[in-house]
Each structure stands twice: as C-alpha cells, then as structure tokens.
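A short worksheet on the structure shown next.
So you know, we letter chains A, B, ... as the sequences are listed, proteins then strands, and number each from 1.
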Amino acid sequence: MGDEQNQAPVVAAATATGETEEYFEAAVRGSVDELLDAGAHTEVDAMRHSAAHVMAEAVLGIFPEAQLGIGPSIDDGFYYDFLLPRPLTPDDLAAIEAGMRASIAADHPFVRKEFPFKKARAFFEARSQPFKVEILDDLATRSKDSNTPLPPTSTYEHGTFVDLCKGPHVASTGRIGPFKLLSVAGAYWRGSEKRPMLQRIYGTVWPTQQELDAYLARREEAKKRDHRRLGVQLDLFSFHDVSPGSAFWHPKGQRLWRILETAVREVQDKRGYQEVSTPMLVHKKLWEQSGHWANYQDSMFVLESEGQTFSLKPMNCPESTFIYKSRLRSYRDLPLRFSEFGRLHRNERSGTLSGLTRVRHFVQDDAHIYVRPDQLQDEIMALLGEVYEIYGWFGLEPKFTFGTKPDKALGDPALWEKAESQIKAALDSLGKPYRLKPKDGAFYAPKIDIQIEDALGREWQTATIQVDLVMLPERFDCTYIDENGQAVRPMTIHRAIYGSLERFIGVLIEHFAGAFPVWCAPVQAVVIPIADRHIAGADELAALLSARKLRVEVDRSDNRMQNKIRLAQEQKVPYMLVLGDREIEARTVAIRNRSGEQENGVGWDAFAERLAAETAARRP
RNA sequence: GCCGCCUUAGCUCAGUGGUAGAGCAGCGGUUUCGUAAACCGCAGGUCCUGGGUUCGAAUCCCAGAGGCGGCUCCA
C-alpha cells in the first residue's frame with residue numbers, strides 16, 4: 001500500500017517504555033501475551049493512532065467535559081471512545097472533522113513526556129479523566145501483582161491536548177494523511193456489559209488521498225456486494241418481522257439451496273455417509289444430559305406442553321447417539337457416519353442478528369462420525385480432503401486453525417494428547433501452513449476450524465471438524481464391542497462443511513457479487529427472443545435445455561432486446577441466448593455471457609452439450 | 001440485551017405542523033425492435049404499530065416492533 005516516496009521518518013518515537021494503551025487494549029481482549037509481542041508499529045499505524053489523538057482534541061473542543069476512554073489504531077483506521085453529555089449527531093461529526101483539520105493545519109508537534117506514576121495519576125485526576133486514572137491504577141495493580149517495578153508513565157502532547165499514551169506517533173499533526181470520520185457506535189467501557197457504555201467514533205486515515213479514495217471505494221464495493229441487498233435484487237430470499245432472524249427462501253434462493261444440498265449429499269453418498277433425520281422438538285432432559293441446558297438455556301427456544309419442558313434443538317449432536325445406540329455396534333461397523341441436514345434454532349440476542357450470517361434459524365450440513373481410536377487419523381485426513389473437494393467447487397481456499405485443549409477440558413488427558421497428535425499429523429500431512437490456537441478447543445474436543453477468504457479479502461468461519469472425546473461417547477455412554485468382546489468407547493467427530501447453509505450462501509453471494517458459477521446459478525440461461533415471432537423458437541430451445549435439467553427461462557415480455565439483456569445482466573445470469581430470424585432459421589443461437597462476450601451461430605445441441613458439461617464439472 | 005440511527009407505493013428515495021410525491025417495477029394501449037432502459041396512459045399508501053400533544057401530525061412527544069452501524073455473546 002505505502003508508496004516508496006513516502007518513506008520519510010514520520011515516526012517520532014519507535015520505542016517506548018510506558019505501558020499504557022497497548023497494554024490496555026490487550027487487557028481488554030483478555031490476552032496479556034499480546035502485550036509482549038505488541039508488534040512493530042508501521043508508519044501508517046502511527047498516523048492512525050495520531051489521528052485518534054487529534055480527534056480526541058477536537059471532541060474536547062466541543063465537549064470540554066468529555067471523558068476519554070481509549071483510542072487505538074485499528075485495521076484501516078482508528079477509533080476513540082468517549083463519555084459525552086449527549087448522543088452525537090452527524091453534524092457533530094462534521095464539526096469534529098473541522099476541528100481535526102484545524103489541528104492538522106496548525107502542524108503541532110507530538111511531544112513525548114515521562115512522569116512518575118503519582119504525578120501522572122494526579123494530572124489525569126485533576127483533569128477529570130477517571131478512565132485514564134483507572135488505566136493507571138490497573139497498571140499499578142498489575143505491577144504489584146507481578147512484582148515488577150512500575151515504569152515511568154508516558155504522555156503525548158500536541159498543542160494543548162495531553163493523553164496518556166505509549167506511542168508511537170508521527171512527528172507532528174501535519175503528518176497525518178487524508179482522513180474521514182465514518183460512524184458512531186456504542187461500546188462498553190473495557191468491553192464489559194456491566195460497565196458504562198461510551199460513544200465510539202470510527203475514522204479512517206491513509207497516507208495519500210488516492211489510498212483514502214480507494215479505501216472508500218472498496219467500502220462502496222462491499223456495500224454493493226452485501227448479500228442482504230443482492231438477496232432482494234436477485235429475488236433469493238427475504239426477511240420479515242414475523243420471524244426475525246429467519247430467512248424466507250424464494251424460489252430462486254431455494255433452487256440455489258437445493259443445488260448446494262444435492263452436491264454435498266452426492267459427496268456424502270460417495271464417502272460412506274448414511275443420512276439420518278432427528279426431531280426438532282426435544283425434551284429438556286436431553287440438554288441437561290449433554291450439558292447445554294446449564295450453559296445455553298438462555299439461547300434456546302423453550303416450550304411447555306402437558307407440564308413437560310421441551311426446546312427446539314440448537315444442535316444435532318446428542319440426538320445422533322440415539323440412533324447409534326439403537327442396537328449393539330461391532331468394531332466392524334465403524335466408522336459409522338451419520339449425516340443430517342438439521343434445522344436448528346438458537347435464540348440469539350436481538351441486537352446480534354444480521355442478514356444470513358447471524359440468524360436464529362439455520363440448517364447445518366452436520367455429520368457425526370463414530371470411529372475406533374485407530375481410525376481417527378485416517379478419518380480426519382479424509383475429512384480434510386472432503387473440505388478441499390467441496391470448497392474447490394467455489395474456488396475457495398480453506399484455511400485451517402487447530403484449537404487445542406482448553407483449561408476447563410473434560411476427559412482423560414492422555415486421550416486428549418493422543419487425539420491432538422493425530423489431528424496434528426493429519427494437518428501436517430497436508431503440507432500447507434495452518435494456524436495454531438492453543439487452548440481454543442471445545443471443552444469436549446480439540447478442533448479444526450476452517451475459514452475462507454472471500455473475493456474482498458474478508459475472512460469467514462464456515463466449516464468445523466471437532467474430535468469429541470467426552471460429550472457424545474461418555475455423557476451418552478456410547479460403546480462398541482471390540483475384537484475381544486469388550487464394550488469400549490468410540491471417538492466421535494462432529495463435522496460440518498458448509499457449516500450453516502444460510503451463512504455459506506451469504507458468503508457465496510458476497511464472494512461472487514451475486515454472479516454464481518454456472519454450475520450453481522439459479523438461472524443458468526435466459527432465452528431472449530428478439531421479437532414475438534421468435535417466442536415459439538425460444539420455447540423450443542428452452543424445452544430442449546430443461547429436458548437436460550438445465551435451468552433456463554424465456555423472457556417473453558414485450559421489452560426490446562436491449563432491455564431484456566439489461567435485465568438478464570442485472571440478474572447476473574451466466575448466458576443470454578438471443579434468438580432472431582437468422583438463428584431460428586439455422587437452429588443456432590447468439591450467445592452473450594454476463595461479461596459481455598459474444599459468440600454467434602452456435603447450434604442448439606452444441607450449446608446444450610456445453611452447458612451440461614459445465615454444470616457437471618462444478619467449476620468456480 | 002446495550003448505545004446511536006433508520007422505517008413514506010413492490011423497490012430506491014423526496015417530502016420538518018396545513019388536501020401524500022418522483023423514478024423504476026406493475027397493469028392497459030401503441031410498438032416487434034440485433035447485444036445494458038421504446039412511447040403514451042392508468043392504478044398503486046394504516047406514511048412500521050399503539051398511545052399522546054395540537055383546531056390540524058408522515059412531520060412534535062412517549063412506548064413497542066423490525067432493520068442498520070457497533071458493543072457484548074456465538075454450543
């Protein structure tokens with residue numbers, strides 16, 4: 001991003017000893033480790049952090065009584081949290097921007113100062129900045145607890161503004177590049193629901209105007225790709241207040257859904273899964289046994305009937321054990337792979353709902369695989385292969401994150417160790433780098449989480465592979481009879497490849513900007529008769545394609561051809577098949593694809609053949 | 001759930017206390033056209049819901065619902 005001419009030494013202080021904001025950010029995230037490798041600041045980070053200071057200065061100019069929280073740099077920009085006497089309005093943002101411009105024009109130098117702890121504390125107390133005092137007290141407590149001497153406290157000043165800060169900053173406010181304030185949001189102090197809610201102002205800063213413009217353009221592009229917008233435009237689904245957080249699937253959306261479901265079902269059939277289906281309404285005693293009632297009761301939809309308490313299932317796993325245990329299982333039966341497209345309901349808090357990516361009702365392409373311990377590694381490797389096979393259809397490159405045993409884990413540590421080493425061996429055998437997140441496993445299972453990056457570089461959590469040592473095998477007392485006639489515990493693997501179908505479709509919409517690959521596009525081709533007299537021919541061509549299960553529509557409106565093309569383009573239909581006198585005569589078609597490329601005089605059968613081949617190939 | 005903002009025709013939006021508007025879509029008519037918008041006309045509204053203030057409310061106030069931007073949460 002940063003261009004070569006901009007390599008002037010804009011960073012005022014590359015190192016600092018006072019632990020303040022970086023420490024505090026890390027503490028907010030609950031990871032003291034992050035403090036130790038806080039990482040090298042880049043120039044643009046310093047610029048963003050400096051912009052946060054300048055913004056705080058401007059806010060104080062308007063609200064002298066404002067109390068300051070923290071103001072770090074973040075990806076693409078910065079924010080600062082404030083406790084203010086009233087909510088901010090868009091006009092306030094404009095005024096704050098104006099204040100910032102004035103400060104930048106004045107080109108105040110950033111000056112670092114160090115103070116003894118007590119003096120710094122007194123300073124911020126005198127300035128009525130209780131949050132800053134709390135940060136300092138927190139540092140003092142921490143230094144006392146760890147028996148390390150309290151380092152001197154550093155501040156950064158520019159003009160009349162002084163902030164508790166570790167730095168680094170740019171040399172002076174004039175070095176701050178083009179910026180824009182973006183939004184105001186609520187944010188709990190220290191990220192805790194029990195603490196006051198502050199007003200957070202987000203902004204973005206870039207070294208050059210071109211980079212700022214490019215960033216803003218990128219945001220606009222992301223908006224255009226927003227699946228909530230495209231879902232309406234492409235007539236895929238809608239949401240209604242009668243069922244918040246649950247999509248209503250329209251015919252085209254449902255068609256896409258079914259294509260994805262059919263494709264993964266085909267893979268499951270090939271790979272030895274057996275599909276099952278379990279009830280949606282389940283007695284609470286099942287959740288008490290699994291442990292979910294204790295932990296997740298608040299996020300379950302609970303119903304009473306005849307004095308009994310039931311819930312809509314928030315997950316499928318426990319129910320698969322009833323099928324497993326419906327008969328004695330032999331070591332020869334394993335692995336047993338039960339797949340299920342389970343409809344789940346989770347009562348997510350209203351404020352967290354968002355389009356298809358955060359819903360209350362969703363379908364998982366779930367499976368529970370019961371294996372002998374000696375089969376675990378092979379099975380994991382097969383699952384990784386499955387992920388590659390399926391994500392390859394969309395040109396998505398899976399990234400793997402290995403989460404290991406958490407502190408509160410249940411079960412035999414030796415078993416954990418064994419399972420983790422087998423997961424590691426399977427991951428290593430891929431020969432691709434993967435991320436390690438120590439202690440990030442579920443309480444019952446080490447896991448591999450799978451993320452994908454979409455066309456805009458955003459990362460999404462989709463698939464998961466969890467090696468369950470405890471919950472299903474032990475809590476539900478699953479066994480099989482081994483070679484010696486002994487009942488022993490299987491291991492279970494929970495896996496989902498799309499994860500939630502809803503979320504996966506949302507990600508696909510944004511990844512492809514609605515222009516789905518030919519194989520899964522809800523409408524693969526629109527036949528466009530140039531005039532009414534060509535409709536009969538269009539119907540004939542469409543029938544020929546439909547007979548091969550290709551998804552085709554005829555535009556029989558009285559629009560002109562240009563408008564029919566425009567509408568098909570807007571619907572991101574892969575092929576527009578234009579039929580006029582010449583084509584009908586020769587039983588050919590003029591093909592226009594959605595990138596605007598044209599090919600004339602293609603025979604009907606030849607096109608059908610081509611489209612059928614493309615569909616079967618499942619290429620991105 | 002919490003903070004802020006938003007909700008007007010199917011969609012996108014204008015309308016800041018005095019008789020509800022536009023474009024697109026829809027419907028009717030004319031048009032039958034060669035690669036991203038033919039022309040004319042008609043119809044379409046519980047201005048999110050419920051209270052309140054006012055002679056009068058889409059507009060001001062209160063409560064609720066849904067959505068959006070975040071925070072928190074995410075088996």
Side-chain angles (χ1 to χ4, degrees), chain A residues 28 69 79 81-84 86-90 92-93 182-202 223 226 228-229 232-233 235 238-245 287 290-300 313-318 344 346-355 357-360 362 364 442-445 447 461 464 466 468 471 494 500 503 528-535 556-571 576-583 590-594 596-600:
Chain A
V28 163
Y79 67 79
D81 290 344
F82 306 94
L83 187 63
L84 299 174
R86 62 166 174 83
L88 290 167
T89 65
D92 291 326
L93 278 197
L182 299 173
S183 60
V184 184
Y188 296 112
W189 169 239
R190 302 199 77 166
S192 164
E193 290 182 276
K194 297 188 176 73
R195 309 300 304 272
M197 181 155 281
L198 311 181
Q199 295 188 66
R200 173 172 298 177
I201 306 176
Y202 283 96
K223 246 191 199 167
D226 191 318
R228 292 167 299 193
R229 181 195 179 97
V232 174
Q233 190 188 319
D235 196 17
S238 53
F239 284 91
H240 303 277
D241 63 3
V242 291
S243 187
W287 311 115
S290 70
H292 290 97
W293 191 258
N295 292 317
Y296 295 104
Q297 188 185 343
D298 286 348
S299 359
M300 289 165 70
K313 65 176 172 182
M315 57 190 331
N316 303 302
C317 3
L344 307 183
R346 295 182 182 177
N347 196 0
E348 306 285 359
R349 299 207 275 181
S350 57
T352 65
L353 300 175
S354 179
T357 49
R358 192 72 186 271
V359 289
R360 287 197 173 133
F362 61 102
Q364 259 184 359
F443 67 92
Y444 53 85
K447 65 175 181 180
Q461 164 79 40
T464 188
Q466 305 180 359
D468 179 1
M471 187 170 68
H494 308 233
S500 139
R503 157 177 279 251
I528 298 179
I530 290 179
D532 282 357
R533 64 177 179 279
H534 308 122
I535 287 182
R556 48 183 73 246
S557 70
D558 72 343
N559 287 322
R560 297 176 64 210
M561 178 204 61
Q562 282 87 339
N563 200 15
K564 292 177 183 178
I565 285 173
R566 177 165 182 270
L567 295 172
Q569 285 285 156
E570 279 176 348
Q571 290 298 306
M576 283 146 270
L577 309 176
V578 178
L579 288 184
D581 292 335
R582 295 200 290 273
E583 286 77 16
I591 303 169
R592 176 195 162 108
N593 69 21
R594 61 192 162 191
E597 291 155 1
Q598 227 180 297
E599 192 182 351
N600 294 330

**Complete:** Heavy-atom contacts, protein to nucleotides 39-44 of chain B, under 4.0 Å, summarised as B (base), S (sugar-phosphate only) or - (none) per nt, yield ------
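- Nucleic acid contact for A:I528: none, since no nucleic acid atom lies under 4.0 Å from a heavy atom of the residue.
- Mapped onto RNA chain B by nearest heavy atom, A:S183 and A:E570 fall at different nucleotides, with A:E570 at the one closer to the 5' end.
- Figure legend. B:rC71 is base-paired to B:rG1; pairs are counted as Watson-Crick or G-U wobble with both atom distances under 3.5 Å.
- As judged by a 4.0 angstrom heavy-atom cut-off over every strand, A:R358 is placed among the base-contacting residues.
- The pairing partner recorded for B:rG21 is B:rC13, the criterion being a Watson-Crick or G-U wobble arrangement whose two distances lie under 3.5 angstrom.
- Minimum heavy-atom separation, A:L567 to A:N559: CD1-ND2, 3.8 Å.
- The residue A:R228 sits close only to the backbone: its heavy atoms come under 4.0 Å of sugar-phosphate atoms, none of a base.
- Where A:S192 and A:I591 meet RNA chain B, the nucleotide closest to each residue was compared, and A:I591 sits on the side nearer the 5' end.
- Of the side-chain N and O atoms in A:R200, none sit less than 4.0 angstrom from OP1 or OP2 of B:rG70.
- Among the protein residues, A:D235 comes within range of no part of the nucleic acid, since none of its heavy atoms lies under 4.0 Å from any strand.
- Residue contacts shown for A:Q562 are limited to sugar-phosphate atoms, with no base heavy atom under 4.0 Å away.
- At the phosphate of B:rU12, neither OP1 nor OP2 sits under 4.0 Å from any side-chain N or O atom of A:R229.
- At B:rC33, one or more side-chain N or O atoms of A:R533 fall inside 4.0 Å of OP1 or OP2 (strictly under the cut-off).
- The nucleotide B:rC42 finds its pairing partner in B:rG26, both defining distances of the Watson-Crick or G-U wobble pair being shorter than 3.5 Å.
- Of the nucleotides present, none pairs with B:rU54 by Watson-Crick or G-U wobble criteria with both distances under 3.5 Å.
- Comparing the C1' positions of B:rG69 and B:rG29 gives a spacing of 47 Å, expressed to the nearest Å.
- Nucleotide B:rU32 is matched to nothing when pairs are restricted to Watson-Crick or G-U wobble geometry with both distances under 3.5 angstrom.
- Listed for the A:R200 side chain is no donor-acceptor partner under 3.5 Å among the backbone atoms of A:D81.
- Residue A:A590 is classed as a base contact, given a heavy-atom separation below 4.0 Å to a base.
- When distances run from any side-chain atom of A:Y188 to the nucleotides B:rU31, B:rU35, B:rC2, the shortest one goes to B:rC2.
- Computed from coordinates, the A:D581 CG to B:rC33 P distance equals 8 Å when rounded to whole Å.
- The side chain of A:Y202 places an N or O atom within less than 4.0 Å of a non-bridging phosphate oxygen (OP1 or OP2) of B:rC71.
- A:D92 places its CG atom 11 Å from the P atom of B:rC5, with the value rounded to the nearest Å.
- Across all strands shown, B:rU59 forms no Watson-Crick or G-U wobble pair with both distances under 3.5 Å.
- Set against B:rC71, B:rC3, B:rA75, the side chain of A:M300 has B:rA75 as its closest nucleotide.
- Among the protein residues, A:P244 comes within range of the sugar-phosphate backbone only, with heavy atoms under 4.0 Å from sugar or phosphate atoms but none that close to a base.
- Nucleic acid contact class of A:D532 (heavy atoms, under 4.0 Å, all strands): base.
- Within 4.0 Å of A:T89, counting heavy atoms only, lies no atom of the nucleic acid at all.
- Contacts of A:F443 with the nucleic acid, taken as non-hydrogen atoms under 4.0 Å apart, are absent.
- Among the protein residues, A:E583 comes within range of the nucleic acid bases, having at least one heavy atom under 4.0 Å from a base atom.
- Between the CD atom of A:Q571 and the P atom of B:rA37 there is a distance of 16 Å, given to the nearest Å.
- Under the Watson-Crick and G-U wobble criteria, each requiring two contacts below 3.5 Å, nucleotide B:rA65 is paired to B:rU7.
- In the set B:rC3, B:rU72, B:rC74, B:rC74 carries the atom at the smallest distance from any side-chain atom of A:Y296.
- Taking every side-chain heavy atom of A:R346 into account, B:rC74 is the closest of B:rU30, B:rC74, B:rU72.
- Under the side-chain hydrogen bond (donor to acceptor under 3.5 Å, both in side chains) rule, A:R566 has a single partner from A:Q562, A:Q569, A:E570, which is A:E570.
- For A:R560 against B:rU31, a side-chain-to-base donor-acceptor contact under 3.5 Å is absent.
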